[in-house]
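Structure first, commentary second.
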Amino acid sequence: MATATRNTRYDDLTKDELYELAQERDVDGRSQMDRDELQRALELADQGPDAVTLLEAQHERFRELFGDFRGLAKRPSQKKQDLVRTMITELVKHAEIEEQIFYPAVREEVDGVEDLVDEDLEEHHAVELLLDELDHLSVEAARYDAKVTVVIENVEHHMEEEESDLFPRVREQLSEERRRALGGAMEAMWKVAPSRPHPASPDTPPANMVAGLPAAALDLGVNVIRYARKRIRRG
Ligand SMILES: [Fe+2]
Ligand SMILES: [Fe+2]
């Protein structure tokens, strides 16, 4: 869905200029590309990050945060509380963009993943219940560290399953263009997604979002904002 504006921008550029831009954007395989291939790769990059790459990068970030937690001393500390607060916020947002954009799209468009997605939603639900408890628990509480450890173990298991079962099928069956459209929509939603756990709120998108899923990322963006306003009003 390259727009006229986007084409015009790159149409005027030489191969060297396009190559320089591709270098700045870290486009894979750029040194093997001719002028038109460079232009096409830049147009694709403009649509947004690959949805799977974006989710994998967030998983890596969680592994780093979990490692930081494991490195902390047993005693309660402000540092521990801040780290767990960051974990809660980012895990809730990650779950939200998967539940509202990624899972519904792959359920519709990728063969044989329905059971995987259902299991993923249940795992999200279990973790969100724990995150909600943790959100209301003092860092001084006797089983604070134990609860964080159970969250970490659950999330590690869940991420491994997504990475070995779900993501490869998405990469295989969805085009790069589609994956980038979803990635762009998830990036937009990340900014407005809730940061506190709400385990009782729906883990599938409202009807207007499902209807909007096959549409372009920009249309999704509009739905995302509408959806976010609704959720904010709901509290
Ligand atoms: Fe997930
Ligand atoms: Fe994930």
Side-chain angles (χ1 to χ4, degrees), residues 48-69 83-135 147-174 178-206 209-210 213 217 220 224 227 231:
D50 179 322
V52 178
T53 309
L54 181 145
L55 293 174
E56 283 171 342
Q58 293 187 357
H59 287 186
E60 275 321 300
R61 158 96 176 141
F62 295 139
R63 290 188 173 101
E64 277 170 30
L65 292 174
F66 298 167
D68 290 348
F69 178 82
L83 177 61
V84 171
R85 162 67 29 225
T86 304
M87 275 169 45
I88 294 174
T89 301
E90 296 191 17
L91 283 169
V92 168
K93 281 174 169 283
H94 179 81
E96 188 75 2
I97 64 174
E98 286 188 339
E99 289 169 13
Q100 304 299 333
I101 293 171
F102 189 72
Y103 291 164
V106 305
R107 191 199 280 279
E108 283 279 307
E109 299 164 38
V110 178
D111 291 334
V113 299
E114 223 163 289
D115 290 350
L116 288 177
V117 170
D118 282 344
E119 202 186 305
D120 284 337
L121 286 170
E122 283 308 315
E123 287 174 354
H124 278 204
H125 182 62
V127 168
E128 198 161 358
L129 287 169
L130 288 168
L131 290 177
D132 190 37
E133 287 178 17
L134 209 48
D135 196 30
K147 209 176 276 293
V148 178
T149 301
V150 172
V151 167
I152 290 177
E153 286 171 358
N154 271 280
V155 174
E156 281 174 337
H157 161 85
H158 177 77
M159 294 192 302
E160 272 161 36
E161 276 191 354
E162 284 185 332
E163 287 164 11
S164 60
D165 299 339
L166 187 61
F167 293 174
R169 293 187 211 212
V170 176
R171 273 215 171 93
E172 225 174 77
Q173 293 186 47
L174 293 191
R178 183 62 181 136
R179 296 200 309 270
R180 284 184 182 278
L182 292 170
M186 286 197 288
E187 225 178 23
M189 183 175 234
W190 178 269
K191 295 182 190 128
V192 294
S195 56
R196 309 287 291 259
H198 294 281
S201 66
D203 59 8
T204 50
M209 280 281 297
V210 178
L213 276 171
L220 267 175
V224 163
Y227 161 75
R231 264 192 94 121

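Note that ligands are numbered from 1 as they come in the structure, with each ligand's atoms numbered from 1 the same way. If you read the sequence from its start, that first residue is 1, and numbering goes on from there.
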Listing by chain and number, which protein N, O or S atoms are under 2.8 Å from the Fe ion (ligand 2)?
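For the Fe ion (ligand 2), the protein N, O and S atoms that sit under 2.8 Å away are H59 NE2, H94 NE2, E98 OE2, E162 OE1.
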My understanding is that only residues two or more places apart in sequence, or in another chain, count here; which of them pass ring-ring contact (aromatic ring centres under 6.0 Å, His included) with H59?
H94, F167
Pair E161-H157, side-chain donor/acceptor within less than 3.5 Å:
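Note: E161 and H157 side chains meet the donor-acceptor criterion.
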Derivation and outcome, side chain to side chain contact (heavy atoms under 4.5 Å, CB included), residues F69 and V84:
CA-CA 8 Å; F69 178 82; V84 171; 4.1 Å; yes
Tell me every residue that passes salt bridge (Lys or Arg N to Asp or Glu O under 4.0 Å) with D118, counting only those two or more places apart in sequence or in another chain.
R107
Among residues at least two apart in sequence or on other chains, which ones pass salt bridge (Lys or Arg N to Asp or Glu O under 4.0 Å) with D50?
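Residues passing salt bridge (Lys or Arg N to Asp or Glu O under 4.0 Å) with D50: R179.
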For the side chain of E187 and the backbone of P49, is there at least one donor-acceptor N/O pair under 3.5 Å apart?
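No.
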